[in-house]
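Treat the numbers as computed from the prediction; the structure is a model and nothing was measured. Side chains are part of it too, since the values below use all heavy atoms of this structure and drop only hydrogens, waters and symmetry mates.
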Amino acid sequence: LPVVMGPESLANVEFFGDFSEADRGEILGFSRVRSLAADELLFSEGSVCEGLHLILAGELKMNKVSTDGKEQVIRHLGPRQIIGAAPLFSPACLYPANAVAIGPSFVLSVPKSRFVAMLKRKPELFLKVLAFVSMPLLELMKLLESVALDKVPRRLAQHILKLAHAQEGACAGKAVDMRQSQAALA
């Protein structure tokens, strides 16, 4: 993983893609790269949001763990994906779930105070961020609709198709990497 990142590094990240090169450079100026070991927490449910994080390498999962130790994986995230953006703007400003590295990973941590101050100076960027942050809410609404209205075989087929489209080279006759246990899929 390169230690030195330039503004062009953020250009192909959906979250930062519409930001100007100068804005991406400013963000890199106040952010830092963090290394995470396998099973290391990036943040925990209920902790105060310190910022958002761009996954540079590796894979993280968002999960919740019940008091009896049962894990519910909410989402898997990989390179060029953002984690922890939604609580930036919530009144409580608390992370709603845990973020755990699945294997060795690197993230770019963007501190809340500096990023929000930048958005206040540049409202056009705030609107772009707001549009991005609302996308997972729409996905969650679709998931809730599917769980409430679709039978398990249909939901599983839809999930496999979504994974196939997301994985490079996956096409008819090729295997799809499920990346989740049967319990997590359920």
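To the nearest 0.5 Å, the span separating CG on L60 from CG on L77 amounts to 7.0 Å. Taking CG of L119 as the reference point, atom CD of E124 lies at 9.5 Å (rounded to 0.5 Å). Taking OG of S20 as the start and CG of L125 as the end, the distance is 7.0 Å to the nearest 0.5 Å. The distance from the CZ atom of F115 to the OG atom of S109 is 13.0 Å, given to the nearest 0.5 Å. Taking CZ from R114 and CD from E26, the interatomic distance works out to 7.5 Å, rounded to the nearest 0.5 Å. Separating the CG atom in N12 from the OG atom in S9 is a distance of 8.0 Å, to the nearest 0.5 Å.
F30 and V107 are not part of a single hydrophobic cluster, where members link through side-chain heavy atoms under 4.5 Å apart. No chain of hydrophobic side-chain contacts below 4.5 Å, direct or via other Ile, Leu, Val, Met, Phe, Trp or Tyr residues, connects L56 to I102. Hydrophobic clustering (ILVMFWY, side-chain heavy atoms < 4.5 Å, transitive): I74 and V100 are in distinct clusters. Linking ILVMFWY side-chain heavy atoms closer than 4.5 Å, directly or via other members, places L127 and F132 in two distinct hydrophobic clusters.
When all heavy atoms are compared, the tightest approach of A86 to V133 is CA-CG1, 3.8 Å. Closest heavy-atom contact between K128 and D18: NZ-O, 3.0 Å.
Annotation: side chain of L108 is in contact with side chain of L10 (closest heavy-atom distance under 4.5 Å). The closest side-chain heavy-atom distance from R32 to P111 is not below 4.5 Å. Contact annotation: the side chain of H76 approaches that of K61 to within less than 4.5 Å [non-hydrogen atoms, C-beta and beyond]. Between L52 and I83, the closest side-chain pair of non-hydrogen atoms is not below 4.5 Å. Contact check for F16 versus I82: side-chain heavy atoms found under the 4.5 Å cut-off. You'll find the side chain of L28 reaches within 4.5 Å of the side chain of P7, heavy atoms only. Annotation: side chain of N98 is not in contact with side chain of M62 (no heavy-atom distance under 4.5 Å). Side-chain contact check for I55 versus F106: every heavy-atom pair is 4.5 Å or farther apart.
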Would you list the atom pairs, donor with acceptor, under 3.5 Å between side chains in residues 34-45 and any protein atom, with sequence neighbours excluded?
{"residue": "E40", "atom": "OE1", "partner": "A37", "partner atom": "N", "Å": "2.8"}
{"residue": "E45", "atom": "OE2", "partner": "K64", "partner atom": "NZ", "Å": "2.8"}

For V65 and K70, what are the C-alpha separation, side-chain angles and deciding distance, and is it a side chain to side chain contact (heavy atoms under 4.5 Å, CB included)? CA-CA 5 Å; V65 180; K70 183 180 175 190; over 6 Å; no
Give the C-alpha distance, both sets of side-chain angles, the deciding distance and a yes or no for side chain to side chain contact (heavy atoms under 4.5 Å, CB included) between L94 and V48. CA-CA 5 Å; L94 302 176; V48 174; 3.9 Å; yes
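A side-chain donor-acceptor contact under 3.5 Å links R24 to the backbone of F19. Counting only distance, with no hydrogens or angles, the side chain of S105 and the backbone of E59 share a donor-acceptor pair below 3.5 Å.
Under the side chain to side chain contact (heavy atoms under 4.5 Å, CB included) criterion, P96 pairs with P87, not counting sequence neighbours.
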